[in-house]
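In this text, all values refer to a predicted model and were calculated from it rather than measured experimentally. Chain letters run A, B, ... following the sequence lines, proteins first and then strands; every chain starts at 1.
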Protein chains: 2
Amino acid sequence: MEKIVEYQSLIDHLQARVSFSDEELNQFVSDFKITKIKKRQFIVQPDFIAKYRSYVVKGALRAYVVSDDGQEHTIAFAIEDWWISDYNSYIYQKPATMFVVALEDAVILQIDFKAETKLKKANPKFETFFRITAERTAASFQRRIIMNLTSSAEERFESFNAEFPLVVKRVPQYTLASYLGMTTEFLSKIRNKKVKNKN
Amino acid sequence: MEKIVEYQSLIDHLQARVSFSDEELNQFVSDFKITKIKKRQFIVQPDFIAKYRSYVVKGALRAYVVSDDGQEHTIAFAIEDWWISDYNSYIYQKPATMFVVALEDAVILQIDFKAETKLKKANPKFETFFRITAERTAASFQRRIIMNLTSSAEERFESFNAEFPLVVKRVPQYTLASYLGMTTEFLSKIRNKKVKNKN
DNA sequence: GATTAAAAATGAAGTAGATTATGGAAAAAG
DNA sequence: CTTTTTCCATAATCTACTTCATTTTTAATC
């Protein structure tokens, strides 16, 4: 099996979910193109169809929507070994409502919808991989819905920080606040209250 | 193809998503058992593993969690032609955190996790069906997250009412309020304000 | 169909979190 | 390395929504 360094983490990602032969792994990753993007560069924009599903090799990205009143709401973050896209746009191949932008210079692996469809038809194991991925995505979205319904702003921050400390350290606070459904001012207050209480 | 009346809507549901032969349809539905449940009866409870994925033939059900302070939060509704379970419990086969209860006497079709696994192994088309189902579930969960982040209580109600008027007419208002992330009192106010404005 | 229980309506008072405003620190960009 | 832009902290004021308490309506049950 050829080892192009950028593909290694995606290969590990696949193998952790479904048992593939070397040949299958090669077939899978050969449909992904390596894309390097600069901080602040967009890979998805509203009104354009999200052509790609993107796997992050290096860097950090953010998906967000802009509401009628002009406010940004972060829908997802992605760092190393995570996937990102406008989910509704990609799976239905309809115009996006989100922006997906790099928070840092990044290296991503992208597969387009047609190639993905072809892969799934070619080998049921690829179908299985995407089924597992979709199920886990749905499960994690549902956990987020439950968290949003049941917890206060402070609890939501504490919970996210406990689960994803590396993301918290890496992304701008205003993007995190909008992900957690609060203002950047309120998140600042929560965090600084905490610091004072420690003394 | 045998036509047991309870299975017909599930068969239609399958055919609308993947092209199956009559034999495949029979194979699929034969793994589902018909269960009749009474109003207020539970099919999933916290700490027990959600053994089944349930398809609603007739009736209405509700999935909810109870938070530390004792409040109920509705996670999902299901009426005719919808699926319901504790998603995280079912796909990971770990203890549930939700209750799933009948809001009306209901007829449901249930498949257990082992039978589903076996089906997916037996025929890639079944795998495809569950992949499509999971993707659409994830997509709709994400739309709900976006709605919750971007909209006011009144907008959330209006939007849900526009998309699912039959559900709104059918479920108790306090369950809808807790689904939409507001108190039953506030939802009552929203709706009655509306009525007055019409005069 | 009378009785009881559950659900919905209404209003007053309270609060979590938003908004607005300003100053300062960090990080890009030249 | 200095200038500009982005990001974060802090505080005062405000509001969308909650909480609490009571009444009315609707639905279940004997």
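For D:dC20, its base sits under 3.5 Å from the side chain of B:Glu185 at one donor and acceptor pair at least.
Between A:Phe20 and A:Phe126, the distance separating the two ring centers is shorter than 6.0 angstrom. Proximity of the aromatic rings of B:Tyr55 and B:Phe32 is defined here by a centroid distance below 6.0 angstrom, and this criterion is not met. In summary, the aromatic rings of A:Trp82 and A:His13 are positioned with their centroids too far apart to meet the 6.0 Å limit. Ring pair A:Tyr52/A:Phe113: centre-to-centre distance not below 6.0 Å.
Across the protein-nucleic acid pair, A:Phe186 atom CZ and C:dA18 atom C1' stand 9 Å apart, rounded to whole Å. Across the protein-nucleic acid pair, B:Glu154 atom CD and D:dT15 atom P stand 17 Å apart, rounded to whole Å. The distance from atom CG of A:Leu176 to atom P of D:dT6 is 20 Å, rounded to the nearest whole Å. As a whole-Å value, the separation of A:Leu187 CG from C:dT19 P is 15 Å. As rounded to whole Å, 19 Å separates atom C1' of D:dT19 from atom OH of B:Tyr174. Counting to the nearest Å, the C1' atom of D:dC7 and the CZ atom of A:Arg40 are 11 Å from each other. Atom NZ in B:Lys193 sits about 18 Å away from atom C1' in C:dA8, given to the nearest Å. Rounded to whole Å, the distance from CZ on A:Phe157 to C1' on D:dC8 is 14 Å.
Residue B:Lys39 has its side chain nearest to D:dA28 when only D:dT10, D:dA28, D:dT18 are considered. Of the candidates D:dC8, C:dA29, D:dA9, the closest approach to any side-chain atom of A:Pro172 belongs to D:dC8.
Each of B:Thr183 and A:Thr184 was assigned the nucleotide of DNA chain D with the nearest heavy atom; the assignment lying further toward the 5' end belongs to A:Thr184.
At C:dT10, one or more side-chain N or O atoms of B:Asn192 fall inside 4.0 Å of OP1 or OP2 (strictly under the cut-off). Put simply, A:Gln71 has a side-chain N or O that comes within less than 4.0 Å of OP1 or OP2 on C:dT19. For B:Ser152, no side-chain nitrogen or oxygen approaches OP1 or OP2 of D:dA16 to under 4.0 Å. Here A:Gln173 does not reach the OP1 or OP2 of D:dT6: none of its side-chain N or O atoms lies under 4.0 Å away. Residue A:Arg156 has no polar side-chain atom (N or O) positioned under 4.0 Å from OP1 or OP2 of C:dA16.
In this pair, A:Phe129 and A:Phe28 present their aromatic rings perpendicular. The plane angle is above 60°, beyond the 30 to 60° band. Taking the six-membered ring for Trp and thresholds of 30 and 60 degrees, A:Phe160 and A:Tyr179 have ring planes inclined between 30 and 60 degrees apart.
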Produce the list of close N/O pairs, under 3.5 Å, pairing protein atoms with atoms of nucleotides 12-15 of chain C; give distances to one decimal.
unit_1	atom_1	unit_2	atom_2	d
C:dA12	N6	B:Lys189	NZ	3.3

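A cation-pi arrangement, defined by a distance under 6.0 Å to the six-membered ring centre and an angle within 45 degrees of its axis, is present between B:Arg62 and B:Tyr64.
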